[in-house]
*Asks:* 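Before we start, here is the structure in question, set down as structure tokens.
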Number of protein chains: 2
Amino acid sequence: MRKNVKEALLDAAVTLFSRSGYNAVSLRDIAKEAGANLGSLTYHFGSKANLLKEIYARHTQPMNARRLELLGEARRIRDAEDRLAAILRAYVVPAYISSSEGDGGGAEFTRMRAILSAESNPDAKKIIADAFDDTSRIFIEAIAECVPGAPQEGLVWRSQFLLGALYYSLINPERVTRLSNGQVDGNDRDAAIEQLVQTAQAGFSALAAQHTSVKDAIPEQRIN
Amino acid sequence: MRKNVKEALLDAAVTLFSRSGYNAVSLRDIAKEAGANLGSLTYHFGSKANLLKEIYARHTQPMNARRLELLGEARRIRDAEDRLAAILRAYVVPAYISSSEGDGGGAEFTRMRAILSAESNPDAKKIIADAFDDTSRIFIEAIAECVPGAPQEGLVWRSQFLLGALYYSLINPERVTRLSNGQVDGNDRDAAIEQLVQTAQAGFSALAAQHTSVKDAIPEQRIN
DNA sequence: GTCTATATAGAGATAGAC
DNA sequence: GTCTATCTCTATATAGAC
């Protein structure tokens, strides 16, 4: 079933970090979850901070690659509203969907990132760096082309709100279930994606709606 | 300057918890920040969990009271779009604004809540309870009246996204500054509120926009 | 490469002097 | 009511057997 101890340790670490954060999880917890020994953790990773670093190294690139791949497809859509929705979906889906392998880890990894960003742990801060900012910038540019005349300030704030909404939906899905008295399932990820994309789309579109209709916007032809 | 040691300890605890979370902050850190002794913490609060409990007790009621007060004012607005914006502002402002005293603590307390919700700490989970859910439910109802025909599912998800966006903007304001290459200040709270209210308004309005214009919606006269 | 045993530091909590 | 001193537990990290 398991390839090797190192893999098992990495998987166990993501699972536990995504559940309780970085500080609350001890190396002992991770070793136990992986069915391995405490010593093997120091052997493979040296320190807790370096373990986190390797988790990021493993997931960051595939997730962003998948996002950019989907973004490329989305950009070929002519209708501005449809394109905007597809761009947003390209950003959200790879972060949200549970994955089998090699595509960045999906929801569990994203949930871990959400918690780490909240904890603002010194170890994590060094690692997170701006690896994701580059991708976000590319997406903001693509979104801007769908919403002609939108001020940069509005675009940036809305991208912040989108990420916050995404994070919180992964962190606290139970609140959705509770607030709806059980009528809506906060753990329904397909529904969450759909609602999130629709909501973000409305937010971004409104930036242009003041003067021109978004429907009329046709961007310059893009070589992609 | 300081009333007594207990107050100083409570203030120091909120400050540190809102900065680094619950797990990462030790009782020693709090005592030091308050200029008090470690022993006084156990004397006044008994345990770390109970300290957190007292922080909640101190801030929850005033913050929600202020929200409901502003909600009462907002509900008197006739125009549905204007009313929606005012309702959203009533929800956001008390959570976001730095406070002098007695109004629930504002941004620092909200930031602490954001981090605690991410850490999903066992101590915190018991305390947070559903004290805030009641208020959220009231707001969702008020919002629903501004968006006739909106499905409950959409309203609940959007309220989730709103809270997530609010939380993340307090947790990681630097990202806004970074993404905009310094052109937008992520720590400008007035701007954040304005952008957040506008964005949420667009999201909620879109729920009704499919069939009827929001502008036409007039709610039943409310006794308030 | 994986284990056991252990060093060292720091946590929450308590007892008792003042 | 606030301090010092200390108990007990658990953390990260290391050393060395296998």
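By convention in this document, chain letters (A, B, ...) are assigned in the order of the sequence lines, proteins followed by strands, and residues within each chain are numbered from 1. Only a predicted model underlies this, so the values are computations on that prediction, with no experimental measurement involved.
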*Asks:* Report the residues that fulfil side-chain contact (heavy atoms from CB on, under 4.5 Å) with A/Ala31, sequence neighbours left out, ordered by chain and then residue number.
*Replies:*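 side-chain contact (heavy atoms from CB on, under 4.5 Å) check on A/Ala31 returns A/Leu41.
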*Asks:* When you measure from the side chain of B/Ala36, which nucleotide among C/dA13, C/dT4, D/dC3 comes out closest?
*Replies:*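 Nearest to the side chain of B/Ala36 among the choices is D/dC3.
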*Asks:* Under 3.5 Å, side-chain donor or acceptor atoms of residues 8-19 of chain B against the rest of the protein: list the pairs with distances, not counting sequence neighbours.
*Replies:*
residue, atom, partner, partner atom, Å
B/Thr15, OG1, B/Asp11, O, 2.9
B/Thr15, OG1, B/Glu108, OE2, 3.2
B/Ser18, OG, B/Val14, O, 3.2
B/Ser18, OG, B/Thr15, O, 2.9

*Asks:* Considering non-hydrogen atoms only, spot the tightest contact between B/Tyr96 and B/Ser169 and give its length.
*Replies:*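 For B/Tyr96 versus B/Ser169, the nearest heavy atoms are OH-CB, 3.3 Å.
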*Asks:* Where do N or O atoms of nucleotides 14-16 of chain D meet protein N or O atoms at under 3.5 Å, pair by pair?
*Replies:*
none

*Asks:* Starting from P on C/dA15, measure out to CG on B/Asn37 and report it in whole angstrom.
*Replies:*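 Nearest whole value for this atom pair: 16 Å.
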*Asks:* Let's see if you get this right: which residues in residues 21-28 of chain B place a heavy atom under 4.0 Å from DNA chain D?
*Replies:*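 Heavy-atom cutoff 4.0 Å gives no residues at all.
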*Asks:* Find the distance B/Lys32:NZ to C/dA11:C1' and express it as a whole number of Å.
*Replies:*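 Computing the B/Lys32:NZ to C/dA11:C1' distance gives 16 Å.
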*Asks:* Taking for each residue the nucleotide of DNA chain C bearing the nearest heavy atom, is the 5' side occupied by A/Lys6 or by B/Lys48?
*Replies:*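 Result of the comparison: A/Lys6.
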*Asks:* Can you tell me the distance, in whole Å, between the CD1 atom of A/Ile30 and the C1' atom of D/dT10?
*Replies:*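 In whole Å, D/dT10 C1' lies 15 Å from A/Ile30 CD1.
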*Asks:* For A/Arg89, enumerate each residue passing the salt bridge (Lys or Arg N to Asp or Glu O under 4.0 Å) test, keeping only those at least two apart in sequence or located in another chain.
*Replies:*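 Partners of A/Arg89 under the salt bridge (Lys or Arg N to Asp or Glu O under 4.0 Å) test: A/Glu194.
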*Asks:* Strictly by salt bridge (Lys or Arg N to Asp or Glu O under 4.0 Å), give each pair with a member in residues 154-171 of chain A just once, sequence neighbours left out.
*Replies:*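 Matches after skipping sequence neighbours: none remain.
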*Asks:* State which residues pass side-chain contact (heavy atoms from CB on, under 4.5 Å) with B/Ala142; sequence neighbours excluded, sorted by chain then number.
*Replies:*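 Once residues adjacent in sequence are excluded, the partners of B/Ala142 under the side-chain contact (heavy atoms from CB on, under 4.5 Å) criterion are B/Leu71, B/Arg75, B/Ile87.
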*Asks:* Send over the distance from A/Glu7 CD to C/dT2 P, rounded to a whole Å.
*Replies:*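 Rounded to the whole Å, the gap is 12 Å.
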*Asks:* Take the C1' atoms of the five end pairs on each side of the helix from C/dG1-D/dC18 to C/dC18-D/dG1, derive the two axes, and give their angle rounded to 10 degrees.
*Replies:*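 It works out to 0° between the end axes.
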*Asks:* Separation of A/Leu41 atom CG from C/dG1 atom P, in whole Å?
*Replies:*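 To the nearest whole Å, that distance equals 15 Å.
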*Asks:* B/Leu52 CG to C/dG12 C1': how many Å, rounded?
*Replies:*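 About 15 Å, once rounded to whole Å.
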*Asks:* Compare side-chain N and O positions of B/Asn4 against OP1 and OP2 of D/dG1 and report whether any pair is under 4.0 Å apart.
*Replies:*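 Answer is no, no contact under 4.0 Å.
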*Asks:* Does A/Lys6 have any salt bridge (Lys or Arg N to Asp or Glu O under 4.0 Å) partners at least two apart in sequence or in another chain, and if so, which?
*Replies:*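 Expected list: A/Glu54.
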*Asks:* Rounded to the nearest Å, what distance is computed from the NE2 atom of residue B/His44 to the P atom of nucleotide C/dT14?
*Replies:*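 Answer to the nearest Å: 16 Å.
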*Asks:* Quick one: list whatever passes side-chain contact (heavy atoms from CB on, under 4.5 Å) with A/Ala57, sequence neighbours left out.
*Replies:*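 For A/Ala57 there are no side-chain contact (heavy atoms from CB on, under 4.5 Å) partners, ignoring immediate neighbours.
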*Asks:* Would a line drawn from the ring center of B/Phe109 to the ring center of B/Tyr56 be shorter than 6.0 Å?
*Replies:*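 Between B/Tyr56 and B/Phe109, which both carry aromatic rings, the centre distance is below 6.0 Å.
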*Asks:* Can you name the residues that form a ring pair (Phe, Tyr, Trp, His ring centres under 6.0 Å) with A/Phe139, not counting sequence neighbours?
*Replies:*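 Applying ring pair (Phe, Tyr, Trp, His ring centres under 6.0 Å) to A/Phe139 gives A/Tyr91.
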*Asks:* Using the test side-chain contact (heavy atoms from CB on, under 4.5 Å), find all partners of A/Ala65 that sit at least two apart in sequence or belong to another chain.
*Replies:*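 side-chain contact (heavy atoms from CB on, under 4.5 Å) list for A/Ala65, sorted by chain: A/Gln61.
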